[in-house]
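I have placed the structure first, in the form of structure tokens, so that the comments after it can refer back to it.
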2 protein chains.
Amino acid sequence: MTSQAAEGPETVVASRRSKITPEREREFFDAVLEQIRECGYDSVTMEGVAASTRCSKSTLYRQWKTKPQFVAAALRANRRVRFAGIDTGSLAEDLRQAARAAGDWSGKDTRLLQALGHAVTSDQELAKALREALVHPEIAALEEMLARGVARGEVRAGHPALEYIPAMMFGVLRVRPVLNGQYADADYLVRFVESAVLPALGLR
Amino acid sequence: MTSQAAEGPETVVASRRSKITPEREREFFDAVLEQIRECGYDSVTMEGVAASTRCSKSTLYRQWKTKPQFVAAALRANRRVRFAGIDTGSLAEDLRQAARAAGDWSGKDTRLLQALGHAVTSDQELAKALREALVHPEIAALEEMLARGVARGEVRAGHPALEYIPAMMFGVLRVRPVLNGQYADADYLVRFVESAVLPALGLR
DNA sequence: GTGTACCGGTACTCGACCGTATCGGTACAC
DNA sequence: GTGTACCGATACGGTCGAGTACCGGTACAC
């Protein structure tokens with residue numbers, strides 16, 4: 001519904017939806033994601049989002065049929081690879097930089113992932129959106145790093161630890177709050193890379 | 001209210017609450033935890049628990065004042081150390097057995113942790129109960145293993161990876177579903193210990 | 001047998017939110 | 001300037017669950 005293409009006589013549809021600019025849309029998306037982080041998925045209401053963005057509930061329902069669809073759209077719009085473009089020529093340094101980059105976003109992303117973690121078990125589209133927005137891109141970037149390291153001969157191909165590096169990075173990021181009561185910051189993650197990830201790979 | 005002590009003339013209060021036996025209580029607790037795993041914390045209703053255990057809402061509210069208190073009580077009653085008593089005399093083998101034990105409970109605990117993960121941010125008592133039921137005991141057991149390994153000289157005291165082992169184990173357990181779409185079973189975790197944890201500690 | 005305390009059932013109030021409908025206002029198209 | 005389409009506001013009916021109140025039944029104490 002966001003932009004039900006075709007069928008418009010000949011003028012492009014985009015010109016019709018005059019009011020909701022992409023910037024305005026971002027406000028809606030930012031608002032809903034922030035409310036999810038703060039109150040959890042279930043507690044987020046369309047009314048709340050409407051109120052906090054000073055728009056009307058009708059406006060939201062005109063654009064998105066249901067809450068999960070709305071949230072999924074927000075996630076897709078939020079897609080962005082945290083550590084894309086990291087390529088220092090050294091796997092160890094790549095991983096350190098990835099850790100730093102992840103640490104800078106840790107709080108926001110962790111809370112979002114946590115808040116949505118259960119909702120996705122009951123909504124396929126939401127699950128897909130979450131994976132494509134917050135999980136897959138980062139995993140793919142990590143795997144590329146590792147592949148480059150292998151290609152350069154820094155790590156033997158088929159090294160058993162390779163398979164677990166993404167899970168380790170993500171996992172530590174994810175559970176630190178519940179273990180230590182604080183989000184994993186860049187320092188913590190870099191030290192983790194130095195102390196556990198690199199040794200596991202036989203690096204350094 | 002569960003047992004508002006004192007003041008009873010002289011007969012012990014326990015004899016007064018004749019009907020709800022400890023076994024019956026366990027039914028309530030099991031039911032609510034199961035519903036949390038399935039539907040998430042927010043979606044669990046006292047009505048639902050009452051219905052599924054064929055008791056009255058009044059009965060639940062007589063024992064526990066609010067939903068979070070009820071859930072917290074259920075968690076406390078559920079406390080149990082998954083890998084207590086593991087002590088093979090070898091750190092590597094201890095960790096392997098811990099991985100196996102964790103894998104056997106992976107699905108249940110992971111779902112519970114996930115479902116409650118966000119609710120705890122808004123209820124202190126619930127957070128404490130969750131930590132004491134599912135997190136701290138396991139962490140403590142892990143740290144004991146590690147301490148024994150250090151004491152036996154298998155790992156140098158102050159080894160930098162030591163600090164991260166619990167987070168690694170828990171983290172991998174926790175994020176596997178979102179990365180691979182399946183819970184971490186015993187095999188996966190044992191291979192993880194072999195491939196990443198032990199090498200990180202310089203073992204094996 | 002009598003009393004008591006708690007159980008299970010039902011009905012209730014109250015508040016929150018969903019999703020819809022209605023309406024006046026306004027930017028933009030032409 | 002006129003028309004149109006969408007915005008924001010508000011109001012409404014419907015649902016659902018929290019928590020409370022009441023009530024009849026029953027196990028157990030004595």
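Each chain gets a letter, A, B and so on, in the order the sequences are listed, and its residues count up from 1. Note: hydrogens, waters and symmetry copies are ignored here, and every other heavy atom, side chains too, is used. As the structure is a computational prediction, the values presented were derived from the model and not from experiment.
Set against D/dC7, C/dG8, C/dC17, the side chain of B/T59 has C/dG8 as its closest nucleotide.
When the side-chain hydrogen bond (donor to acceptor under 3.5 Å, both in side chains) test is applied to A/D123, no partner is found at least two apart in sequence or on another chain. Considering only residues two or more places apart in sequence or on other chains, A/S52 meets the side-chain hydrogen bond (donor to acceptor under 3.5 Å, both in side chains) condition with A/Q35. Applying the ring-ring contact (aromatic ring centres under 6.0 Å, His included) rule to B/Y41 yields no partners; only residues at least two apart in sequence or on another chain are considered. Contacts of A/E143 classified as side-chain hydrogen bond (donor to acceptor under 3.5 Å, both in side chains), with partners at least two apart in sequence or in another chain: none. Residues meeting the side-chain hydrogen bond (donor to acceptor under 3.5 Å, both in side chains) test with B/S106, sequence neighbours left out: none.
Using bins of under 30°, 30° to 60° and over 60° for the plane-to-plane angle, the ring pair B/F28/B/W64 lands in the perpendicular bin.
Summarising the geometry, the separation between NZ on B/K65 and P on D/dT20 is reported as 8 Å, rounded to the nearest angstrom. D/dA18 atom C1' lies 8 Å from atom CD of B/E47, rounded to whole Å. Between the CD atom of A/E27 and the C1' atom of D/dG8 there is a distance of 14 Å, rounded to whole Å. Rounded to an integer number of Å, the gap from CG of B/L60 to P of D/dT20 is 13 Å. One can place CD of A/Q69 at 15 Å from P of C/dC18, the figure rounded to the nearest angstrom. Note: CZ (B/F70) to P (D/dG17) measures 16 Å, nearest angstrom. For the pair B/K67 NZ and D/dT20 C1', the computed distance is 18 Å after rounding to whole Å. If you take CD1 of A/I20 and P of D/dC6, they are 11 Å apart, rounded to a whole angstrom.
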Donor-acceptor pairs under 3.5 Å, side chain of residues 124-136 of chain A to any protein atom, not counting sequence neighbours: which ones?
from	atom 1	to	atom 2	distance (Å)
A/E125	OE2	A/R76	NH2	3.3
A/R131	NH1	B/V178	O	3.2

Working note: A/E34 + A/R37, criterion salt bridge (Lys or Arg N to Asp or Glu O under 4.0 Å); need CA distance, chi angles, decisive distance, verdict. CA-CA 5 Å; A/E34 189 51 36; A/R37 278 186 278 260; 3.2 Å; yes
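With a cut-off of 3.5 Å on both pairing distances, the Watson-Crick and G-U wobble pairs of DNA chain D assemble into stems of 3 or more at C:1-30 with D:1-30.
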Nucleotide by nucleotide, nucleotides 9-16 of chain D touches protein heavy atoms under 4.0 Å in the pattern (B base, S sugar-phosphate only, - none) BB------
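Screening residues 171-187 of chain B for side chain to side chain donor-acceptor pair (under 3.5 Å), with sequence neighbours left out, gives A/Q114-B/R174.
Across all strands shown, B/V44 has heavy atoms under 4.0 Å from sugar-phosphate atoms exclusively, and none from any base.
For D/dC6, the OP1/OP2 oxygens have no side-chain nitrogen or oxygen of A/Q63 closer than 4.0 Å.
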